[in-house]
Student: 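Take a look at the following structure, please.
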Amino acid sequence: MKTKEIAAVQNLVLTWYEKEGRDLPWRHTDDLYRITLSEIMLQQTNVPKVIEKYHAFLKRFPTVDKLARARQSSVVKQWQGLGYNRRALNLHKLAKIITSDYCGIFPENPEELGALPGIGPYTKNAILAFGRNRHVSAVDVNIERFIRRLHGHGTWPEGSDTAQICYNFVPEKRSRDWHNAVMDVASIYCTKKKPDCETCPLRTICKSYPAPIEPIVIKKKERGATERGKHIPDRIYRGRVVQVLRERSASPDEIGLAIKSDWSESDREWLEKILEKLKVEGMIKYTGKSWQLK
Ligand code: SF4
């Protein structure tokens, strides 16, 4: 898009945001601990669930120091309901590094921030944009979809640098507002499955209006197991294992019976691989008789 068109997009998005933007708890703070927590929670969990869990987590671990001093199993227990439990381990490791190596103060240097556990390129830039209004571009799948659709079908320059194109849209002095606004537009109007082009604030400028044409994406089947004729991904079983161990320690057979409704001896090898992987990740441990949270 040309500079003039980009300026028009910025204007429409920010004007809409001032009136209609969502009021989310982590938008009322510039505390990097709280912003990091919200970003890690939002990586794979939807906003309503994160709001509920965010407050509860902060009540239990109000500061990075309190989190660093907590037992790992307590953090994993507090993560209940959010899924993808490995995020809890990373967050705990991150808190320990912040307190031991940075005197409890989050680094604001992108390289140091990006080297912390669980902080990928998107999360790093999101923390800097939301926490410090830094002129960076945080590009997740929703933002990329929105920016691509603005350009219209078939107009995305071949071999182009997506990060650079998205960065061109970020207003220099309003990075925080821009990212908040785009997140909202992408999740309220420009949704993946049912974009609401008729009421979208960008409809006058969007080259996909009145409806985007989407490329066909063939999804690869995730590794998993068949349960009563249905394919269930291993990540779901991993979550179920952690859920069982949040409540009690258990033998492999007890775990198998609890996580798979048609559990049988033939599933043992498959379960052992899941348990072993969780052990290698530092989530659980084996005492010789039973498994428990580490
Ligand atoms: S007009 Fe439709 S495709 Fe374009 S930004 Fe709005 S919702 Fe997305």
Side-chain angles (χ1 to χ4, degrees), residues 1-27 35 38-39 41-51 120-130 133-220:
M1 276 183 156
K2 297 191 183 99
T3 314
K4 250 187 171 177
E5 289 173 301
I6 290 176
V9 168
Q10 290 170 335
N11 188 34
L12 283 170
V13 167
L14 292 171
T15 304
W16 173 86
Y17 177 69
E18 277 155 21
K19 291 191 202 131
E20 315 273 346
R22 292 178 295 182
D23 182 16
L24 301 174
W26 44 89
R27 292 185 178 175
I35 287 169
S38 69
E39 280 306 318
M41 285 184 165
L42 287 163
Q43 280 168 357
Q44 278 129 337
T45 310
N46 62 38
V47 169
K49 176 62 88 185
V50 171
I51 292 175
Y122 166 78
T123 307
K124 174 187 72 181
N125 282 352
I127 293 167
L128 292 171
F130 296 129
N133 198 27
R134 196 79 66 80
H135 189 220
V136 291
S137 181
V139 187
D140 70 354
V141 285
N142 297 320
I143 294 183
E144 183 179 340
R145 181 182 64 242
F146 167 69
I147 299 284
R148 274 180 185 269
R149 283 177 176 170
L150 281 178
H151 285 77
H153 181 66
T155 60
W156 195 254
E158 264 315 303
S160 54
D161 180 348
T162 303
Q164 181 61 48
I165 293 178
C166 294
Y167 178 75
N168 293 342
F169 281 80
V170 183
E172 201 179 331
K173 299 219 159 65
R174 294 188 68 185
S175 174
R176 179 188 288 127
D177 287 346
W178 168 259
H179 284 91
N180 281 333
V182 172
M183 300 276 174
D184 288 0
V185 170
S187 63
I188 296 170
Y189 300 99
C190 205
T191 58
K192 187 177 173 198
K193 289 192 178 148
K194 277 193 182 171
D196 181 4
C197 298
E198 281 315 316
T199 59
C200 173
L202 277 304
R203 64 188 176 280
T204 52
I205 199 163
C206 175
K207 295 196 168 101
S208 286
Y209 181 83
I213 300 167
E214 304 292 24
I216 296 162
V217 180
I218 298 159
K219 263 183 121 184
K220 263 187 32 203

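Every number for a ligand or one of its atoms is a count from 1 in the order of the listing.
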Student: How many angstroms lie between CG in L150 and CG in L12, if you round to the nearest 0.5 Å?
Tutor: 10.0 Å
Student: Decide, counting backbone as well as side-chain atoms, whether C190 has an N, O or S atom less than 2.8 Å from atom 2 (Fe) of ligand 1.
Tutor: no
Student: Return the option from P210, C197, C206 holding the heavy atom at the smallest distance from atom 2 (Fe) of ligand 1.
Tutor: C197
Student: Can you tell me how far the CD atom of E39 sits from the OG1 atom of T123, to the nearest 0.5 Å?
Tutor: 6.0 Å
Student: Strictly distance-based, threshold 3.5 Å: is any side-chain N or O of D184 a donor or acceptor partner for the main-chain N or O of R22?
Tutor: yes
Student: Supply the atom-to-atom distance R148 CZ to C166 SG, rounded to the nearest 0.5 angstrom.
Tutor: 8.5 Å
Student: Closest non-hydrogen protein atom to atom 6 (Fe) of ligand 1, residue and atom name please, with distance?
Tutor: C200 SG, 2.4 Å
Student: Hey, which atoms in ligand 1 end up nearer than 4.0 Å to a heavy atom of F146?
Tutor: 5 (S)
